[in-house]
Amino acid sequence: MRGLLSTCKSSLFPKPLPAFSTHFRLKSNSASCIVALSTGIEQRNSKFDFEHLFNKCTKTGTAKCLHALLIVSGKVQSIFIATRLVNIYAYLGDVLLSRETFDQVPRKDAYTWNSMVSSYVRNGCYREAVNCVNEMLLTSDVRPDFYTFPPVLKACRTIRDGTRLHCWVFKIGFQWDVFVAASLVHMYCRFGSFDIAHKLFKDMPSRDMGCWNAVISGFCQNGNANEALSVLDDMRLEGVDMDAVTISSILPICAQKHDLLHGMLIHLYVIKNGLEFDVFVSNAFINMYAKFGKLEFSQRIFDQMVVRDLVSWNSIIAAYEQNDYPHDALKFFYEMQRNKFQADLLTLVSLASSIAQTRDSLSGKSIHGFSIRRCWIMEDAVIGNAVVDMYAKIGALDSARKVFEELPCKDTISWNTMITGYTQNGLADEAIEVYRIMKDCEDFTPYQGTWVSILPAYAHIGALRDGMRTHGQVLKVGLDTDVFLGTCLIDLYGKCGRLDDAMFMFYEVPRASPVPWNAIISCHGLHGHGETCMQLFRDMLDEGVKPDHVTFLSLLTACSHSGLVDQGKWCFDVMQHKYGIKPTLKHYGCMVDMFGRAGRLDVAYNFIECMPLRPDASVWGALLGACRIHGNVELGKKASDRLFEVDSENVGYYVLMSNLYAKFGRWERVDEVRSLARDRGLRKTPGWSSIELHNRIEVFYTGNQTHPQHEEIYKELAILNAKMKSLGYTPDYNFVLQDVEDDEKENILTSHSERLAIMYGILNTPPRTPIQIYKNLRVCGDCHNVTKFISKIMEREIIVRDSNRFHQFKDGICSCGDYW
DNA sequence: TCTGGTTGTG
């Protein structure tokens with residue numbers, strides 16, 4: 001074969017191309033293919049005969065063989081055959097070889113030029129396609145024909161540059177060719193230039209199915225659902241029936257408009273008209289039903305498909321992933337591989353999101369590696385963003401940040417993903433830092449999604465002023481009724497102690513979905529207003545809003561914090577029997593917490609024993625927390641033993657257990673628990689409190705002695721201590737976890753971070769100004785008591801938000817009624 | 001050799 005090639009001296013290839021010598025290391029089956037091809041060439045003469053041979057070239061190597069044989073036999077001199085080779089290389093994805101072959105054709109005709117243009121378009125080289133047409137129009141004397149413009153207009157809509165070509169079309173007089181006109185209309189729809197599209201469409205002398213579909217799909221793909229539906233109505237009024245193309249265009253609109261009924265009616269139409277075997281239609285139905293959460297329908301359609309393509313597999317994988325069944329999504333991925341389908345970029349995006357849900361870090365790394373090997377992460381922001389999100393959800397924030405930093409094509413969503421990643425892992429400072437960097441970048445402007453990412457970070461650390469500034473920006477662009485932003489703002493104001501503002505926001509946003517209801521219920525729960533939560537729940541039902549599992553989580557938490565045990569039990573019952581929501585471990589945790597706080601430790605314990613799910617750390621942790629409050633060492637020991645079986649890494653639980661022992665002065669046990677934690681390499685999270693003053697957030701750690709005002713703060717606290725004692729305060733040493741003398745215990749209590757922050761606030765604000773602080777852990781019982789005294793003595797309203805809830809102190813009384 | 005169709009991240 002090499003000999004054959006080296007003797008080849010055709011006008012197409014004056015000397016053998018290097019590609020030939022490298023690619024002609026043939027395998028034995030390829031060799032037999034060559035023999036078959038060469039025999040075929042000898043026997044064939046008409047261009048129809050050659051089509052059969054061309055169709056056999058499904059691999060680049062085989063195409064090159066055929067190419068070489070055509071050169072040798074001299075048949076490549078035919079323009080038709082040479083041009084057909086341009087097409088074959090295009091079909092095989094080798095646009096460079098396609099161009100090389102094109103350049104070698106001595107007398108190009110319109111078919112040759114059109115084939116080259118199509119080759120570029122087929123391979124995504126849109127700019128090159130437009131340049132190629134310009135080259136044809138300006139440098140050759142070949143006149144474009146009806147085939148020239150449709151593919152290049154397809155390229156134009158992607159690079160958003162089609163006016164010049166439209167002028168050419170007009171000049172040459174192809175404006176009213178059905179294909180060309182449809183392509184133009186579709187292009188203008190995609191540009192959002194609806195007026196031009198409408199005018200062109202209206203002026204068309206004749207409209208075929210393709211024209212109607214071009215305009216409908218153009219509107220659909222531009223996200224303009226109403227226009228698309230209105231054209232669809234016109235089409236049906238003119239007595240034109242929908243075909244498979246119309247249906248696969250319109251189905252995504254049904255999902256977008258939350259119109260399941262319309263989607264199902266179309267399904268009936270499809271069955272009636274025998275269109276259900278169209279792969280595009282089936283795929284579109286899988287996607288639509290998945291978006292409505294109707295997985296069983298998606299699955300049924302997938303099962304009934306006779307022919308499935310890659311999109312079908314991607315769709316069913318995404319369907320399970322989007323409906324929170326990551327393991328099923330992965331199952332379908334393996335199934336897809338068994339069916340010999342190669343994963344593409346979109347498969348990987350769904351897989352990354354599935355792995356994010358399963359939190360399997362090993363699989364996460366392999367997904368990341370795969371996307372690097374295929375260079376997808378270098379070329380596409382979506383897969384990069386999915387990987388950043390995946391690492392963040394797994395909790396590997398360093399990896400997430402590294403991938404984010406190295407993303408060559410970042411978009412706004414990349415930034416939002418990184419910010420959300422930090423926020424959801426409780427790293428508000430890092431989130432705010434990334435947000436700041438983003439604002440400094442000229443290429444990116446924060447908008448809805450970014451604010452949705454950053455507002456929870458502000459809420460988390462109680463940065464009300466920054467949050468309000470963001471609210472201002474939201475108002476400025478008129479997004480204040482956006483349900484996502486509105487919910488974030490409800491959460492922000494609620495968590496910053498501004499319940500009135502939270503309620504104001506709540507009444508501003510659309511309330512048809514349970515999400516804003518959940519936010520406002522949860523805010524009231526945080527403040528211990530359990531009865532208000534129950535009232536809001538009744539209002540929600542009156543307005544016909546269907547509660548979801550988060551609604552019940554918020555309600556149960558609220559009941560737990562307010563001691564509303566009976567209402568909590570009612571909610572738990574209604575959730576399952578009226579709304580068919582299966583309780584998750586979180587719901588069980590809330591119930592245990594509720595019984596436990598109310599002192600019904602035995603009920604809580606029995607409740608755990610009867611759970612149908614295996615209790616996790618949060619469930620046992622709730623029981624342990626209750627044992628700590630009510631001083632039940634025996635049950636506490638039982639809970640902590642079970643707790644450390646399921647989670648031995650969370651330092652908070654060791655602290656809880658050692659607190660419980662310390663309360664009873666069982667110091668040897670305290671040491672035991674502490675050394676256990678130490679042996680496992682765990683460190684107690686240092687307690688800190690923050691306060692926002694004059695646009696600055698000051699952070700105080702327990703025992704802080706480095707603050708510029710620390711001497712003054714401690715001096716004032718000592719004076720205050722004396723005043724409190726005269727009003728009946730006795731320090732509760734139960735909250736001191738060290739076995740030291742009483743004097744020292746008192747000093748330890750006085751240096752708790754929340755007191756330092758409160759005193760700093762008092763010293764630096766005018767009298768009667770309310771003080772608001774945030775504490776990263778739970779406020780201890782003694783500090784709670786002391787804050788009541790401070791609010792009375794200093795005549796200040798003091799709002800303390802800790803990791804658990806809100807405490808509002810006024811005139812020596814706490815809003816929680818000391819139930820917390 | 002051509003148009004109009006389905007799947008993606010926060």
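Just so you know, these numbers use all the heavy atoms, side chains as well, and skip hydrogens, waters and symmetry mates. Note that the structure is a prediction, hence the values are computed from the model and not measured.
Aromatic ring orientation, A:His368 versus A:Tyr391: perpendicular (interplanar angle above 60°, classes split at 30° and 60°). In this pair, A:Trp415 and A:Phe444 present their aromatic rings tilted. The plane angle is within the 30 to 60° band. Between A:Tyr188 and A:His166, the ring planes are tilted. Angles from 30° to 60° get that label. Ring orientation note: the planes of A:His198 and A:Phe219 are tilted relative to one another, at an angle of 30° to 60°.
Rounded to an integer number of Å, the gap from OH of A:Tyr91 to P of B:dC2 is 12 Å. Following rounding to the nearest Å, A:Ile247 (CD1) and B:dT6 (C1') show an atom-to-atom distance of 12 Å. Atom pair A:Asn213:CG and B:dC2:P shows a separation of 18 Å (rounding to whole Å applied). Rounded to a whole Å, the CH2 atom of A:Trp376 is 16 Å from the P atom of B:dT9. In this structure, the CE atom of A:Met418 is 12 Å from the C1' atom of B:dG10, given to the nearest Å. For A:Met116 and B:dT1, the CE to P distance is 15 Å, given to the nearest whole Å. Between the P atom of B:dG8 and the CD1 atom of A:Ile317 lies a distance of 13 Å, rounded to the nearest Å. Going from atom CZ of A:Phe179 over to atom P of B:dC2 covers 10 Å, rounded to whole Å.
When distances are taken from the side chain of A:Lys154 to each of B:dT3, B:dT6, B:dG10, the shortest belongs to B:dT3. Nearest nucleotide to the side chain of A:Pro150, out of B:dT6, B:dT3, B:dG8: B:dT3. Nearest to the side chain of A:Asn114, among B:dT6, B:dT1, B:dG10, sits B:dT1. Across B:dT7, B:dC2, B:dT9, the shortest atom-to-atom separation from the side chain of A:Ala386 is found for B:dT9. Taking every side-chain heavy atom of A:Leu345 into account, B:dG8 is the closest of B:dG10, B:dC2, B:dG8. The listed nucleotides are B:dT9, B:dC2, B:dT7; the one nearest the side chain of A:Asn287 is B:dT7. Listed nucleotides: B:dT6, B:dT3, B:dT9. Nearest to the side chain of A:Ala182: B:dT3. Taking the side chain of A:Thr417 as heavy atoms from C-beta on, and the options B:dG8, B:dG10, B:dC2, the nearest nucleotide is B:dG10.
Residue contacts shown for A:Ser248 include a base, since a base heavy atom lies under 4.0 Å away. Among the atoms of the strands shown, only primed sugar atoms or phosphate atoms (P, OP1, OP2) are found under 4.0 Å from some heavy atom of A:Ser217. If you check every strand for non-hydrogen atoms under 4.0 Å, A:Val281 touches a base. Across all strands, A:Ala318 comes closer than 4.0 Å to no nucleic acid atom at all (heavy-atom distances). Residue A:Ser453 is classed as having no contact, given no heavy-atom separation below 4.0 Å to the nucleic acid. Within the 4.0 angstrom heavy-atom criterion, base atoms lie near A:Asp243. Across all strands, A:Phe149 comes closer than 4.0 Å to no nucleic acid atom at all (heavy-atom distances).
Residue A:Trp451 is tested with A:Asp482, A:Leu489, A:Val477 for a side-chain contact (heavy atoms from CB on, under 4.5 Å); the sole match is A:Val477. Of the candidates A:Asn416, A:Thr417, A:Asp380, A:Asp411, A:Asn385 forms a side-chain hydrogen bond (donor to acceptor under 3.5 Å, both in side chains) with just one, namely A:Asp411.
Between A:Lys291 and B:dG8 there is a side-chain polar atom (N or O) within less than 4.0 angstrom of OP1 or OP2.
For B:dG8, its base sits under 3.5 Å from the side chain of A:Asp380 at one donor and acceptor pair at least.
Geometrically, A:Arg308 does not engage A:Phe332 in a cation-pi contact defined by less than 6.0 Å to the ring centre and at most 45° from the axis.
Between A:His267 and A:Phe297, the ring centre distance reaches or exceeds 6.0 Å. Remark: aromatic rings of A:Phe333 and A:Trp313 are distant, center separation not under 6.0 Å.
For the contact set between residues 393-406 of chain A and DNA chain B, defined by any heavy atom under 4.0 Å, there are no members.
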